[in-house]
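In what follows, a single structure is set out as C-alpha cells and then discussed.
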Amino acid sequence: MAGSGGGGGSAAGGSGSAGTGGAGPAPGCDTDLTGTWDLIATRAYKSPSSGTLVIGADALTVTINHGSTSGFGFDRLAYSTQGSRTLSWQRTPNPAIPIDVQNTPAALDAGSFPLVLGGSWVFSANMWRFSVSVGATASSLIVDRLSTGTLVGGTWPDRIPRPRLGETYSVSRLTPLASQFGVFGGQWQAVNDKDDETCSIRVENDMVQFDCQTGNAFNGITQLTVGSDCVASGSTINSGWELSARRR
C-alpha cells in the first residue's frame with residue numbers, strides 16, 4: 001500500500017538507517033538510538049510482557065508479544081519510507097490493516113531519535129482519520145470518523161489509549177530544557193479541548209516523564225531513562241510496571 005505525500009528522508013532529524021554503517025562500534029545511544037531493541041515489562045504476580053523495537057531514519061517497527069514468548073501471537077505496528085511510504089497495524093491472528101499516510105515534511109531536530117517526525121501528517125484507515133502536526137514548540141492531534149468504510153473496532157491496540165472522536169489534543173512547550181532528544185527537550189503541557197484530561201511531560205537530558213490525569217492507561221506517572229550504554233529503564237508508578245530495554 002503506497003502512501004501519498006513527501007518522502008520521509010527529506011527532512012532533518014535522522015541519524016542514518018537501521019542496520020547501515022561501516023566498520024566500527026555503533027554510536028552511543030545518547031547520540032543515536034538506531035538499531036534493534038529488546039523490550040520487557042514486568043509486574044508483581046503477572047507474566048512478563050516482551051517485544052522488540054526496530055528503529056532507523058526511515059523505518060519503525062514495534063512488536064509486542066501477547067504472552068511472555070512469541071508463541072502467543074503479537075501486536076505489530078510497522079512503518080517504512082523505503083521505496084513507497086507504508087504503515088500497517090496487525091494483531092494476530094487477524095491480517096495486517098494498511099493505513100494510508102500523507103505527510104508534508106518540515107525540518108525538526110529530534111536529537112538521538114532518528115526517525116523523521118516533523119511536519120503535518122494524516123493517517124487514515126477504514127473509518128478513522130488522525131490529523132497530526134509535529135513542531136518544535138507545539139503539536140496537535142485531531143480525530144475524525146470517515147463517512148464510509150468498516151470500523152477498525154476491536155483491532156485497536158489495548159496498550160494505546162484511543163483518542164476520543166471529534167476532540168483536539170494539543171501539546172505545548174512551556175520551558176525549553178537541554179535534552180538528547182533535540183527540540184523535544186523541555187517542560188510540556190498536553191490538554192484536550194474538553195479540558196478534562198491533562199498530561200505534564202518533562203523531557204530533560206536522557207529522561208522522559210509523563211504525569212497524567214486521564215481515564216485511560218496513561219493515567220499516573222511514567223518515567224523512562226535512556227542511557228548512553230543503550231540500556232533503558234523506567235516504571236509506571238500507578239500500575240506498578242517495571243520497564244526495560246536494551247539495544248542489541
Side-chain angles (χ1 to χ4, degrees), residues 1-21 29 32-39 50-66 70 73-92 94-135 139-144 146 149 152 155-163 169 171 181-182 184 208 224 226 232 245 247-248:
M1 181 277 300
S4 55
S10 60
S15 303
S17 303
T20 63
C29 287
D32 187 4
L33 299 177
T34 294
T36 299
W37 294 74
D38 293 311
L39 314 175
S50 64
T52 57
L53 165 67
V54 182
I55 186 171
D58 50 15
L60 171 71
T61 301
V62 182
T63 303
I64 302 298
N65 298 320
H66 290 170
S70 59
F74 58 84
D75 295 345
R76 175 172 293 154
L77 180 71
Y79 171 70
S80 175
T81 64
Q82 300 174 18
S84 58
R85 189 188 302 272
T86 60
L87 175 64
S88 66
W89 162 254
Q90 182 178 14
R91 165 170 290 175
T92 57
N94 299 318
I97 298 172
I99 301 171
D100 183 70
V101 184
Q102 301 178 47
N103 173 233
T104 302
L108 187 145
D109 176 14
S112 62
F113 192 82
L115 192 68
V116 174
L117 298 174
S120 298
W121 301 78
V122 177
F123 304 96
S124 56
N126 298 334
M127 290 181 66
W128 295 106
R129 177 171 56 217
F130 295 78
S131 302
V132 183
S133 68
V134 181
S139 300
S140 65
L141 166 66
I142 301 174
V143 186
D144 297 314
L146 305 179
V152 174
T155 61
W156 182 267
D158 290 340
R159 296 170 179 84
I160 303 176
R162 184 193 296 273
Y169 299 79
V171 185
F181 302 107
F184 291 117
V208 179
L224 183 67
V226 183
R247 191 171 75 179
R248 295 178 185 175

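All values below come from the heavy atoms of this structure, side chains included, with hydrogens, waters and symmetry mates left out. In this text the structure is predicted, and so the values were computed from the model without any measurement.
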**Message:** Checking Thr63 now: which residues fulfil side chain to side chain donor-acceptor pair (under 3.5 Å) with it, not counting sequence neighbours?
**Reply:** Arg76
**Message:** Just verifying a value: how many Å separate Ser88 OG and Ile99 CD1, rounded to the nearest 0.5 Å?
**Reply:** 7.0 Å
**Asked** Atom CG in Leu33, atom CZ in Phe113: separation rounded to 0.5 Å?
**Response** 7.5 Å
**Message:** Measuring from atom OG1 of Thr81 to atom CG of Leu60, what distance do you get when rounded to the nearest 0.5 angstrom?
**Reply:** 11.0 Å
**Request:** First locate atom CG of Asp100, then atom CG of Leu87, and finally report the distance between them rounded to the nearest 0.5 Å.
**Result:** 9.5 Å
**Request:** State which residues pass side chain to side chain contact (heavy atoms under 4.5 Å, CB included) with Val134; sequence neighbours excluded, sorted by chain then number.
**Result:** Leu108, Leu117, Trp121, Val132, Ser139, Phe184
**Shortest non-hydrogen contact from Asp32 toward Arg247** = O-NH1, 3.0 Å
**Asked** Looking only at heavy atoms, which two atoms of Leu224 and Ala232 are closest? And how far apart?
**Response** CD1-CB, 4.2 Å
**Asked** So, for Thr92 and Gly73, which heavy atoms are closest and what is the spacing to 0.1 Å?
**Response** OG1-CA, 3.2 Å
**Prompt:** Measuring from Tyr79:OH to Thr61:OG1, what's the distance to the nearest 0.5 Å?
**Reply:** 11.5 Å
**Short side-chain to backbone donor-acceptor contact, Asp38 and Gly51, under 3.5 Å** = no
**Prompt:** Once you round to the nearest 0.5 Å, how far does OG1 of Thr34 lie from CD1 of Ile55?
**Reply:** 7.0 Å
**Request:** Go through the structure and list residues passing side chain to side chain donor-acceptor pair (under 3.5 Å) with Thr52, not counting sequence neighbours.
**Result:** none
**Message:** Before you tell me yes or no, could you show the steps for Ile64 and Leu39 under side chain to side chain contact (heavy atoms under 4.5 Å, CB included), namely the whole-Å CA-CA distance, both residues' side-chain angles and the distance that decides it to 0.1 Å?
**Reply:** CA-CA 8 Å; Ile64 302 298; Leu39 314 175; 4.3 Å; yes
**Request:** Provide the closest heavy-atom pair for Gln82 versus Ala59 in the form atom of the first, atom of the second, distance.
**Result:** NE2-CB, 4.0 Å
**Prompt:** Excluding sequence neighbours, so at least two apart, what forms side chain to side chain donor-acceptor pair (under 3.5 Å) with Ser133?
**Reply:** Ser140
**Request:** Not counting sequence neighbours, which residues clear side chain to side chain contact (heavy atoms under 4.5 Å, CB included) with Ile142? List them please.
**Result:** Ser131, Asp144, Thr168
